[in-house]
Amino acid sequence: MNDPSVAGSLPLGEIIIGLAGGLALFLFGMRQMTDALKTVAGEGMKTLLSRLTSNRFSAAFAGAMITSIIQSSSVTTVLVVGFVSAGLMGLSQSIGVIIGANIGTTITAQIIAFKVTKYALLFIGVGFFVELGARREKVRQYGLMMMGLGLIFFGMSLMSEATTPLRSHEGFISWMQSMQNPLFAIATAALFTALVQSSSATTGLIIVLAGEGFISLNAGIALVMGANVGTCVTAMLSAIGKPREATRVAIAHVAFNLLGVALFVGLIPHLAELTRLLSPSFDDLSGAARLSAETPRQIANAHTLFNVGNAFVFIWFTGPLARLSRWLVPDKKEPPGHGIEPLYLDSYYLDTPAMALDRARLEQVRMAKLVRKMVDGIMPAIFGNSPKKLANLSKSDEEVDALHVAIVRYLGHLSQQQLVSPQMEMLSEGIAVTNYLENIGDVIETDLVGDGETLLQKDLKISDSTREILKPLQQKVRWAFGQIVSAIEDGDQERVRSVINAKKEIKLLSTQANLHLSKRLAVSPGAQIEVFRIESEIVENLKRIFYLTRRIAKTLEDNPPNGDEPEEER
């Protein structure tokens, strides 16, 4: 085979084009399938992950199950980072999920090893017509998911066809035989994975080459380990510019993969023997034909066994891995006097709408708690004639306004993603609630703080009797807003309904306050006219705060009744 004429007859151009095109279709199909799955299943996966991560073992199970469904450990990582940064999951638990995610990614290799590439065009065709004819966005996404799966299979088929001429090429066969050196095989696969940014693509190509009879089981196991090393580059690149929690999770992922390969590289012959015992054999075949028939399934099984074994070893060391990650990426210290910044809004989450909506809600809760401090503090500031407290309320409103702009802008970016029901409704609800919160802050800063400053400038005071009559109204408004802050945080519909049903009581209390003010004005009209105007404005603005709070409740209400009365503001 060293004859130049033979070497020259090798259609290198066709092979390169076939491999490159097949790989491109594989990667595009993987991305399309993942994007569709995380759109339609992101909310369910988020809920499942939050329920199944009470300890490291259940966390690993959840990570394996979710990744096996979504077929993207990066999406699982986004969900995990969201929970860690929100304080809903510890870093040790998150590492358990990532360990499980490595097991979930082996499903792709198992599917490919079943040689379903002959159904590729069927999946592409059915997926296309489902996407074309679907009226509902969720159904359309399912069609895109099927198309993505078909493109994965079709890409594998093209790569397989492209490598067929290499079967008789001595140079290529010699290079493949050099893969028997595990360190060379690991380095080769790691480099390829780092270039294509997909361990699934590397594993798929390994199985394709095994199906053509080019790779032995031992070499295939070493190459799969190399793919695990190469994906560390992807993990670290994806952590650049991301939240610190994401960087910590990426570091733990890298440490887990590298240590796992270092631990098992010397055990490749034993892993190969175990795999042969557990995999189907074709005793009626011999030579390259038997190798071609048996090795793809064996490599897929070895891939699964390696990751399961890795998980079993390192699940006991999630604590040390977490401490290593925290040591390498310590908490960032904000400089003193630094203005308020969003804590939860990061573009990292926008590709996963379910998580991005959750991040916006967390920032909304933070904004609502700032407004609650204003609602709680405004009347003491007015009653106490405190210029310092009034100034602090104005400063608080600036922080509320800053968060309002950040949340609305973030939701605006999210609206450009592929959203399915009920995500679009949740997005609209989030914008409405954020606007109402900002309106409440404006009522306090512009109107009530203004009334307090007028009292200071003109050396006027609200009478003790008026304070007593305003106190029940003020307390009820504070109560209602406190209920809504909790409802934004936990979605409690009982709190929502209690605020909606408080309308009559608020009307009664405000009517009583206005009646009291009118009686006082009748007794002493001249001296009290300016104070009466300010006191009346206070009553009206407290009512406005309640009605804006009630609008938030109506927005949050599940299945509101039809024909509800129009909201009144005054």
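Scope of the values below: all heavy atoms of this structure, side chains included, with no hydrogens, waters or symmetry mates.
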J.: Between I440 and V375, is there a side-chain heavy-atom distance shorter than 4.5 Å?
T.: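 Answer yes - side chains close enough.
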J.: I'd like to know if the side chain of R140 reaches the main chain of R135, judged simply by a donor and an acceptor atom lying under 3.5 Å from each other, with no hydrogens or angles considered.
T.: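 Side chain of R140 to backbone of R135, a donor-acceptor pair under 3.5 Å: no, none is there.
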J.: Side-chain contact, heavy-atom cut-off 4.5 Å: L350 with Y410?
T.: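 L350 vs Y410: side chains touch.
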J.: Under 6.0 Å from the six-membered ring centre of F481 and within 45° of its axis: does the NZ or CZ of R372 meet both?
T.: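 So R372 doesn't make the cation-pi contact.
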J.: Given the rule in the side-chain contact (heavy atoms from CB on, under 4.5 Å) test, do V539 and L517 qualify, once you have shown the distances and angles that lead to the verdict?
T.: CA-CA 10 Å; V539 172; L517 296 179; 4.1 Å; yes
J.: Keeping the roles fixed (side chain from S428, backbone from M424), state whether a donor-acceptor pair exists under 3.5 Å.
T.: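 Yes.
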J.: Side chain to side chain donor-acceptor pair (under 3.5 Å) between N102 and N257: does it pass, once the steps are laid out?
T.: CA-CA 9 Å; N102 268 28; N257 279 6; 2.8 Å; yes
J.: Do L427 and S415 have side chains that approach each other closer than 4.5 Å (heavy atoms only, starting at C-beta)?
T.: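 Yes - at least one pair of side-chain heavy atoms lies under 4.5 Å apart.
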J.: Looking only at heavy atoms, which two atoms of A360 and L345 are closest? And how far apart?
T.: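 It is CA-CD2, 3.8 Å.
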J.: More than 12 non-hydrogen atoms from neighbouring residues, nucleotides or ligands closer than 6.0 Å to NZ on K389, yes or no?
T.: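 At most 12 heavy atoms, drawn from other residues, nucleotides or ligands, come within 6.0 Å of this atom.
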J.: Measuring only between side-chain heavy atoms, which start at C-beta, is L91 closer than 4.5 Å to S325?
T.: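 Yes. Closest side-chain heavy atoms under 4.5 Å.
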J.: Rounded to the nearest 0.5 Å, how far apart are CG of L460 and CZ of R533?
T.: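 Answer for the CG-CZ pair, L460 versus R533, is 9.5 Å.
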J.: Should N228 and T193 be marked as a side-chain contact (heavy atoms from CB on, under 4.5 Å) after you check the CA-CA gap, both sets of side-chain angles, and the distance that decides it?
T.: CA-CA 8 Å; N228 270 36; T193 302; over 6 Å; no
J.: Going from CE on M374 to CD1 on I545, what distance comes out if it is rounded to the nearest 0.5 angstrom?
T.: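 If we round to the nearest 0.5 Å, M374:CE and I545:CD1 are 8.5 Å apart.
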J.: Could you check if a side-chain atom of L556 sits within less than 4.5 angstrom of a side-chain atom of I488, using non-hydrogen atoms only?
T.: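 Side chain of L556 against side chain of I488, heavy atoms only: contact under 4.5 Å found.
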J.: At what distance, to the nearest 0.5 angstrom, does OG of S347 lie from CG of L414?
T.: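 Interatomic distance, S347 OG to L414 CG, rounded to 0.5 Å: 12.0 Å.
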J.: Work out which heavy atom in V499 is nearest to a heavy atom in F546; give both atom names and the distance.
T.: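 So the two residues come closest at O-CZ, 3.6 Å.
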J.: Which atom names give the shortest non-hydrogen contact between P342 and R366, and what distance separates them?
T.: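 For P342 and R366, the tightest heavy-atom pair comes out as CA-NH1, 3.7 Å.
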J.: How many angstroms lie between OG1 in T549 and CD1 in I506, if you round to the nearest 0.5 Å?
T.: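 Output value for this atom pair is 9.0 Å.
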J.: Quick one: do K373 and D376 make a salt bridge, cutoff under 4.0 Å?
T.: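 Result for this pair is no, no salt bridge flagged.
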J.: Does atom CZ (F383) have a neighbourhood of more than 12 heavy atoms from anything else shown, all under 6.0 Å?
T.: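 Yes.
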J.: Nearest 0.5 angstrom please: I382 CD1 to I538 CD1, how far?
T.: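 Spacing of CD1 (I382) from CD1 (I538) equals 4.5 Å.
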J.: Test: side chain to side chain donor-acceptor pair (under 3.5 Å). Region: residues 429-454. Which pairs qualify, not counting sequence neighbours?
T.: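 Passing the test, one end in residues 429-454: Q364-T434, H404-N435, D447-R544.
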J.: May I ask you to test the D346-R359 pair for a side-chain heavy-atom distance under 4.5 Å?
T.: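 When only atoms from C-beta onward are counted, R359 and D346 do not touch, as no gap falls below 4.5 Å.
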J.: Is R495 close to I484 at the side-chain level, that is, under 4.5 Å between some pair of heavy atoms?
T.: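 SC-SC contact between I484 and R495 ruled out.
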J.: So, W316 versus F57, ring centres under 6.0 angstrom or not?
T.: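 Yes: the rings meet the under 6.0 Å criterion.
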J.: For R56 and Q93, indicate whether the former's side chain and the latter's backbone hold a donor-acceptor pair under 3.5 Å.
T.: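 Not at all, since once roles are kept as given, no pair shorter than 3.5 Å links the two residues.
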J.: Considering only heavy atoms from C-beta outward, does the side chain of L456 approach that of L390 to under 4.5 Å?
T.: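 Sidechains of L390 and L456: in contact.
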J.: Heavy atoms only: give me the nearest L411-G430 pair and the separation to one decimal.
T.: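 Smallest heavy-atom distance, with atoms named: CD1-C, 3.8 Å.
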J.: Determine the minimum heavy-atom distance between A513 and L470, stating which atoms define it.
T.: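 The pair with the smallest heavy-atom distance is CB-CD2, 4.3 Å.
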J.: Within this structure, what is the CZ-CD distance for the pair R497 and E557, rounded to the nearest 0.5 Å?
T.: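 With rounding to 0.5 Å, CZ (R497) is 7.5 Å from CD (E557).
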J.: Between E505 and K476, does at least one N-O distance fall below 4.0 Å, as a salt bridge requires?
T.: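 Yes, E505 and K476 are salt-bridged.
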J.: Closer than 3.5 angstrom, by distance alone: can the side chain of E363 be matched with the main-chain N or O of L403 as a donor-acceptor pair?
T.: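 Between the backbone of L403 and the side chain of E363 there is no qualifying donor-acceptor contact (under 3.5 Å).
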J.: Output all residues satisfying side-chain hydrogen bond (donor to acceptor under 3.5 Å, both in side chains) with K395, sequence neighbours left out; order by chain, then residue number.
T.: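 With neighbours one apart ignored, the set is empty.
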J.: Compare every heavy atom of A64 with every heavy atom of I103, then report the nearest pair and how far apart it is.
T.: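 Answer, listing the atom of I103 first, then A64: CB-CB, 4.2 Å.
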J.: Please determine whether the number of non-hydrogen atoms from other residues, nucleotides or ligands lying under 6.0 Å from atom CG of D459 exceeds 12.
T.: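 Counting other residues, nucleotides and ligands, CG of D459 stays at 12 neighbours or fewer.
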J.: Let's go through V485 and K369 carefully: what are the C-alpha distance in whole Å and the side-chain angles of both, what is the deciding distance for side-chain contact (heavy atoms from CB on, under 4.5 Å) to 0.1 Å, and is it a yes or a no?
T.: CA-CA 7 Å; V485 173; K369 289 179 177 179; 3.9 Å; yes
J.: Test side-chain contact (heavy atoms from CB on, under 4.5 Å) on V365 and R361; report intermediate values, then the result.
T.: CA-CA 6 Å; V365 170; R361 182 189 59 81; 4.2 Å; yes
